[in-house]
Each structure stands twice: as structure tokens, then as C-alpha cells.
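Structure first, commentary second.
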Amino acid sequence: MTDSFGRNIDYLRISVTDRCNLNCVYCKPENKWESHDILTADEITRICGIFAGLGITKIKITGGEPLLRDDICGILKKIRALPEIESLTLTTNGILFRDMANEILRCGVDSVNFSLDSPDEEGFCKITGKSGIADVYAGIRKALDLGFKSVKINFTAIRELNYDRIIPIARMAEKYPVWVRFIELMPMGSGRNFTPVYTDEVKKILEDEFGVPKKLEVSGNGPAKYCQYGDFAGKIGFISPLSECFCQDCNKIRIASGGELILCLGHEKSVNIKELFEKNISDAEITKIIEEKIKEKPLNHNFFRKNLNETEMYHIGG
Ligand code: SAM
């Protein structure tokens, strides 16, 4: 599937719930369950099937916290059974991961991302409003033991919240074969109340501590750029949507938990596919609608325009 700027769109991130068991202050600060009408398991797998037919080969399951869904394993298995899908990955806060890890691996998940914005309990509680770092570590350890293709730790660098955790989180890649990735905070939803730490500054902090890294040619499904620091067991990556806009190479679309197609994080929602299902529109017709909508995928995000981006990330997933 190609958009009107010639970009090959082969990566779908689908949010399977807007519920989360953490209340990260920059993401979902209120301690309440959402009452949105979210996609059913059948709708999720039907959407994935339609997109697989359109050329999507990589799917990431996100949320909210995907592991809160009782039917998550059934969803994963059905997506894995789609012959076009080459890569199935999952992002989680890790709280529930350890006990589900064997089953998740059996469902055919290739790689797991753990979102972790502080490597210690004090920082973890400050950001998430909950305790639980021991559970997250147990999950990461289990993922490593089970041999998932890659185990990534995503750290959203936020000046007011975890600036002093940049070196400690990088040390996780010093000790373990994990890919620690520093992500620039995007001005979306509650994230607009905080200040991003740009990649250049993170790199300077790491270089002062660990020396000049070697650039790596590794590429994943997305826009991260990777480096090797010293004799670290793992890699360090940088995802820089603000300081190194990678929109020209964007290969991604998203489905929010309510079924809305999101062509770009910095823009309005597009068509709601759940609503099309409810109107009994056939898959063939929905395919045509999506092909038309893809042409509206904008060239760039618009994060620097004021009063936009009210959408909360927990509806869309990261
Ligand atoms: N519960 C899952 C998890 O923890 O990975 C998925 C949901 S969470 C919304 C996914 C990712 O989005 C997290 O890594 C979080 O840090 C990131 N995120 C949330 N708000 C963000 C923002 N404004 N800018 C950049 N990343 C953000």
C-alpha cells in the first residue's frame, strides 16, 4: 500500500484497549476506567486481515495495556495465523507480563517492548502512580530467558520526571542484552504538560558517561537509530520524532482502541472502521475506503502547531 507521497505503508499499530493499570502522569493521569466502546476480538482480527490484504506485514499490539484483555492470547494467535504477517510484536508496561510470557511466546509474538520510564521504584511510582517495578523486572527477565527475538525497553525522556534516570536506564543495556530506546516526548494529550529531553542532549549525557558510541546499521520496524556503547551487552536506540523528524520515511498507520484509523499521530482521526463494520459494509468495500483514506496521510506531523494534539496516547498506543 503506497500513500500519495510514495511511502510504502507496511506497518500497523493497533490499540486493543484504552484501559491501563498504570496512571502515568504524562499519558493517562486519571485513575479511572474508560467507558469507550472498544474493538471486539473479532473486529481486531478482521481489521488485521483487511490490512494484511492491503500490504501490511508488521503489526504491533498496543493500548492502553494490552495484557488487561482476557482475550489477548486468542487475538494474538489469530493475527499470527495471517500468512502475510511477518512480524508480530507487543508493547506492555510489563506488570502482568511474567505470568503470561510463555503463552504470549506460544501465540507467536516475535518481540516485546517494555515501557519503563524509571529503573527504580521511587521514580516508577512518581511517574506511574503505582508500585510495581519488581513485576516489570521479573517480566523483562522472563522475556530474556524465553528468547524473544528482541526485548526492548522504551524510556520516554521527560525533563520534569526522569532526567536523572537517563544514565541508570542506559545501564540496563550495559548489563543485559536489551535494546534501551530513548524516545522524545511528543506534545500530545497530557504529554503537553511536560518538557521533552531531545535526543542530542540524551546523547551528550551518555557520551560523557560511557564514551563515544559506534553507530549501528541495525534497523527494526520503526524509526529508531541504534548505537553501541563500549562493551554493553545490549544496544541503545534513539527515537526522535521532534528533533529529527522521520516523517519522510514513515511506513506506519494506527488503529485506535475505538476503531479509528490514525494516519499520523499529529493529525485528526480518519475513518472509524468499527462503525463501518456496524453498518455491515463488506471487507471489499472497506478495503476501497482505506485505500482512498491512505491518500490523505499527511507528509509531516504538525506537533509544532498550537492547540492540536488533544488526543490522549492511551487511546492510540505509543
Ligand atoms: N501499556 C503499553 C505500554 O506500556 O507499552 C502501551 C501503551 S503506552 C501509551 C505506549 C508508549 O507510549 C509508552 O512507551 C509511553 O511512554 C508512550 N507515550 C505516551 N505518551 C507519549 C507522548 N506524549 N510522547 C511520546 N511517547 C508517549
Side-chain angles (χ1 to χ4, degrees), residues 13-30 33-34 38 59-69 72 89-97 100 104 109 111-119 123-124 126-130 132-133 135-136 139-140 143 151-162 165 169 178-199 202 222-224 237-243 245-246 252 254-257 262 264-266 301 303-304 308-318:
R13 294 194 190 194
I14 184 160
S15 171
V16 298
T17 179
D18 53 6
R19 296 169 64 207
C20 192
N21 44 355
L22 297 181
N23 300 120
C24 297
V25 287
Y26 66 95
C27 185
K28 187 181 193 298
E30 293 114 63
W33 291 132
E34 292 294 313
I38 62 167
I59 293 184
K60 167 157 286 116
I61 303 298
T62 179
E65 173 50 39
L67 302 189
L68 286 175
R69 273 192 85 127
I72 189 68
T89 60
L90 169 81
T91 182
T92 174
N93 58 35
I95 297 283
L96 300 172
F97 185 82
M100 299 173 74
I104 288 169
V109 170
S111 300
V112 186
N113 292 5
F114 291 89
S115 299
L116 183 59
D117 296 324
S118 166
F124 184 87
K126 181 170 94 176
I127 295 171
T128 67
K130 303 271 175 77
I133 192 97
D135 295 328
V136 181
I140 294 171
V151 177
K152 295 178 182 139
I153 295 175
N154 287 342
F155 177 96
T156 304
I158 305 171
R159 193 165 298 280
E160 296 87 349
L161 299 177
N162 59 10
R165 265 63 177 196
I169 200 88
V178 292
W179 306 22
V180 172
R181 293 146 21 121
F182 292 91
I183 302 174
E184 287 177 346
L185 177 77
M186 294 176 280
M188 297 190 58
S190 304
R192 293 174 301 174
N193 303 326
F194 296 91
T195 319
V197 185
Y198 292 110
T199 292
V202 175
F238 302 94
I239 302 179
S240 324
L242 304 180
S243 65
C245 171
F246 39 73
K252 208 179 299 154
R254 294 174 161 86
I255 299 287
S257 51
I262 313 257
C264 168
L265 273 185
H301 66 63
F303 287 141
F304 298 111
L308 289 165
N309 316 321
E310 281 173 17
T311 312
E312 298 282 0
M313 283 292 269
Y314 60 89
H315 289 294
I316 307 177

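Both counts, for ligands and for their atoms, begin at 1 and track the order of listing.
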Contact atoms of ligand 1, heavy-atom distance to Leu185 under 4.0 Å: 22 (C), 23 (N), 24 (N), 25 (C)
Nearest heavy atoms of Ser243 and Tyr198, plus distance in Å: CB-CD2, 3.9 Å
Any nitrogen or oxygen of Thr91, main chain or side chain, under 3.5 Å from a nitrogen or oxygen of ligand 1? yes
Within less than 4.0 angstrom of ligand 1, does Gly64 place any heavy atom? yes
Side chain of Asn23, backbone of Lys130: donor and acceptor closer than 3.5 Å? no
Asn93: which of Thr128, Asp135, Asn21, Asp117 passes side chain to side chain donor-acceptor pair (under 3.5 Å): Asn21
Going by the order shown, which atoms of ligand 1 are within less than 4.0 Å of some heavy atom of Tyr26? 15 (C), 16 (O), 18 (N), 19 (C), 20 (N), 21 (C)
Glu184 near ligand 1 by a heavy-atom separation under 4.0 Å: yes
State which residue, out of Ile61, Ile104, Ile14, fulfils the side chain to side chain contact (heavy atoms under 4.5 Å, CB included) condition with Pro66. Ile61
Please work out whether the ring planes of Phe238 and Phe182 are parallel, tilted or perpendicular, with thresholds of 30° and 60°. parallel
Region of Thr62 that comes within reach of ligand 1 [heavy atoms, distance under 4.0 Å]: side chain
Below 4.0 Å, non-hydrogen atoms only: which portion of Asn113 touches ligand 1? Side chain, backbone, both or neither. neither
Polar side chain donor-acceptor pair, Thr17 to Glu65, under 3.5 angstrom: no
If the cut-off is 4.0 Å to any non-hydrogen atom of Gly63, which atoms of ligand 1 fall inside it? 6 (C), 7 (C), 9 (C)
